[in-house]
Number of protein chains: 2
Amino acid sequence: MMRTRVTLADVAAMARVDRAVVSRVVNKDPTLNIRPETRERVLAAIEELGYRPNVAARSLRTSRAHMFGLFIPDFANPVYAEIIKGAEAEAASQGYVLVTGSATGAGLGEYMDRIGQGRIDGLLLAGAADDSALTAQLDQAAIPWLMLNNRSRGVKRYVILDDQRAAAIAVEHLVLLGHRRIAHLAGPSRADTAARRSAGYSAAMRDAGLPEGPIVAADYTPAGGAAAMARLLTPSSDAAEPPTAVFVANVASAIGAMQAVRAAGLEIPRDVSIVAVHDLELASYLHPALTTVRMPLAELGRRGVTLLGSLKPDDTVAEVLAGPIELIQRSSTAPPGR
Amino acid sequence: MMRTRVTLADVAAMARVDRAVVSRVVNKDPTLNIRPETRERVLAAIEELGYRPNVAARSLRTSRAHMFGLFIPDFANPVYAEIIKGAEAEAASQGYVLVTGSATGAGLGEYMDRIGQGRIDGLLLAGAADDSALTAQLDQAAIPWLMLNNRSRGVKRYVILDDQRAAAIAVEHLVLLGHRRIAHLAGPSRADTAARRSAGYSAAMRDAGLPEGPIVAADYTPAGGAAAMARLLTPSSDAAEPPTAVFVANVASAIGAMQAVRAAGLEIPRDVSIVAVHDLELASYLHPALTTVRMPLAELGRRGVTLLGSLKPDDTVAEVLAGPIELIQRSSTAPPGR
DNA sequence: TTGTAGGCGTTATCAC
DNA sequence: GTGATAACGCCTACAA
């Protein structure tokens, strides 16, 4: 049963005051000096009629939509699920709604058209690729926006995690276990996160006085990880001896990589140890349970929303989020076998 | 660099026509009879100024927000990721934006307050629990809404999948392999999907002339699945002989269940076969690769949005989505060992 | 073929 | 302490 909508005027009529008064009561206007009994009447009428402010009218008037946007490449990627959770929680605490859309490259421009003008007060881009046409479009849309988790050429507003340190933590763990031939299953070369994790790997190997093992790039997918791991395990002329441990840039790739290890007739961690970036609940249910490096993804989402709310039009943001990065040791890493 | 916003009036001034003409050009009013050169001028001005309609003004005037809402319990659950994808795609093709929020029970009411009035034209509830206070609130909000994937007491608008058939397909597969002692790791008792999958299990067992094996309920989580499977494997007085196969109501539980099997020192599928509802990319990377029943989840999301767009206020919808349900056979099922 | 005008529901600036 | 009034930007009958 759909009732006809209730407006300020209805409430005002019922409470026998002007709409302006109702508006200021609703918005808790601190400059409003009102008799307690009048306020009571207004509140009662609101309750009685079930009044809820019309968002369209309000944002037309105030030019604030109380809504933020968040773009991700894919809802099925649990890494983004974490980011969404944090962003949504922070948006909620500010009284904002978060609209999350998945789209890549060209699709994003089309999506922005559907979003239209005046629907969102700010936009977060997580995992977006380089796209100068898009950034131009966003700048023209006259809403604040920033990139999350990865950077893009020419973009000067972003928050990222310390992927380099995460990689170093993973590698140091392997070194401490006694591994010396440590390979790197990297992310796709175009990904900023991949580059920073690879840099962390290289730095940590150098610090440990170890030569860089073979490095193979793969998409952040199980299939990509499986293919890359298969290549790592294939004896080559470069490395007479196969690696005893692999630092995998991403947990999705690691899942595929583990399968490739099994397919090669090897055992984890006896023949090869594996550690990956990003902790998922799933990791502890894999076989063997996967050692990971946990990153504060939800915090990243939260921070992004906070910044959106306080950003001035031409502000620059280049932030590496300070937050706990920790090794979650499980069963996929152990001292080298022989 | 944020430019001042461009309105219809700006475009009209530049094209030397009235705002009304611009509006009708923008909205492709078919009754508009306009000289080609005038239209050209308008289009050029729109392009030149980068005009995009103000959503707030438009929806205030038309009382349509061109936005649908979708509620899910948790972004991290890949089952909902599939539903979101389908819903988003269908919404996009209708020129709508989809806002997806995660909230449960009480949180949903608070979320609806933030959504306010007039921001969304319809609401999809996926995986929502029984909550008559909530449904009352939704009805009062005067927007069409319906439940997706599961039903709730007293709610007469929903679209669900044929979970009963999915369960039967899984059980028939096990029967065909030669299993006779088939246990059921069910979902939580309050979940409608769990009840329908359990009904499918019971019917299929009856059809096969087999006695129902032990049935244990668990949350749709790896932890829940692990605990339940452990109980199933514990010898009890009821069942002298342990099951040779288990039909698991949900893939997340199955992941935990597989771990419990290993922890018990048993091997899949040699000692126990496992088949679960819902196919995920991940399933083929588990060890062993998990046999699943694929359900048309994206199609469910798509159908929900389609219905929202065409629902009359007091329409009733009780639809079991017709769509392919198929067994994806992998390595976790095999004929019984002995 | 194009222009006029009223109003969607709200907020903010006045006035009383 | 409370009320009147003018926008916010757009759509749409109706008029010209």
Side-chain angles (χ1 to χ4, degrees), chain A residues 3-43 45-46 49-66 95 115-119 121 141-142, chain B residues 3-43 45-46 49-66 95 115-119 121 141-142:
Chain A
R3 313 167 41 163
T4 172
R5 62 215 279 176
V6 179
T7 74
L8 263 192
D10 300 326
V11 176
M14 181 169 210
R16 305 188 148 282
V17 295
D18 191 84
R19 297 169 321 184
V21 174
V22 181
S23 171
R24 288 147 87 187
V25 167
V26 168
N27 296 315
K28 307 197 199 322
D29 179 351
T31 75
L32 172 63
N33 221 342
I34 193 179
R35 215 172 309 168
E37 61 209 64
T38 313
R39 157 172 275 130
E40 270 322 308
R41 280 212 315 282
V42 172
L43 260 21
I46 288 174
L49 297 172
Y51 167 75
R52 277 161 63 234
N54 181 298
V55 185
R58 177 177 278 180
S59 45
L60 177 58
R61 182 60 230 242
T62 63
S63 48
R64 319 213 85 241
H66 286 270
I115 284 279
Q117 184 170 96
R119 180 174 267 153
D121 300 327
Chain B
R3 311 168 42 163
T4 171
R5 62 215 281 175
V6 179
T7 75
L8 263 192
D10 299 326
V11 176
M14 181 169 209
R16 306 189 147 280
V17 295
D18 191 83
R19 298 170 328 187
V21 175
V22 181
S23 172
R24 287 143 90 185
V25 168
V26 167
N27 296 316
K28 307 199 199 322
D29 179 351
T31 75
L32 172 62
N33 220 342
I34 194 180
R35 214 173 309 170
E37 60 208 65
T38 313
R39 158 171 274 130
E40 270 321 309
R41 279 212 316 281
V42 172
L43 260 20
I46 288 175
L49 296 171
Y51 168 75
R52 277 160 64 232
N54 181 299
V55 184
R58 176 179 278 181
S59 49
L60 177 58
R61 180 61 233 251
T62 62
S63 48
R64 318 213 87 240
H66 287 269
I115 283 279
Q117 183 169 96
R119 180 174 268 155
D121 300 326

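Treat the numbers as computed from the prediction; the structure is a model and nothing was measured. Chain identifiers are assigned alphabetically (A, B, ...) following the order of the sequence lines, protein sequences preceding nucleic acid strands; residue numbering begins at 1 within each chain.
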Atom-to-atom span, [atom1] of [X] to [atom2] of [N] - whole angstrom:
X        : N      : atom1 : atom2 : answer
B:Leu32  : D:dA13 : CG    : C1'   : 15 Å
A:Arg39  : D:dG1  : CZ    : P     : 13 Å
B:Arg119 : C:dT10 : CZ    : P     : 14 Å
B:Arg64  : D:dT12 : CZ    : C1'   : 17 Å
B:Arg52  : D:dC10 : CZ    : C1'   : 16 Å
B:Glu37  : C:dT1  : CD    : P     : 11 Å
A:Asn33  : D:dT2  : CG    : P     : 9 Å
B:Asp29  : C:dG3  : CG    : P     : 15 Å

**Request:** Would you indicate what A:Asn27 reaches in the nucleic acid, counting non-hydrogen atoms under 4.0 angstrom: base, sugar-phosphate, or nothing?
**Result:**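 Here A:Asn27 touches the backbone only, sparing every base.
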**Message:** Applying a 4.0 Å non-hydrogen cut-off, can you work out what A:Thr38 is touching in the nucleic acid: base, sugar-phosphate, or nothing?
**Reply:**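 It contacts sugar-phosphate atoms only.
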Nearest heavy-atom neighbours spanning [X] and [Y]:
X        : Y       : answer
A:Leu60  : B:Ala56 : N-CB, 3.7 Å
A:Leu32  : A:Arg24 : CD2-CB, 3.8 Å
A:Arg119 : A:Ala65 : O-CB, 2.9 Å
A:Val6   : A:Asp10 : CA-OD2, 3.5 Å

**Request:** For nucleotides 4-9 of chain C, just jot down a letter per nucleotide in 5' to 3' order: B, S or -, based on protein non-hydrogen atoms under 4.0 Å.
**Result:** B-BBBB
**Message:** Rounded at 0.5 Å granularity, tell me how far OG in A:Ser23 sits from CZ in A:Arg58.
**Reply:** 7.5 Å
**Asked** When rounded to the nearest 0.5 angstrom, what is the spacing between CZ in A:Arg52 and CG in A:Leu49?
**Response** 13.5 Å
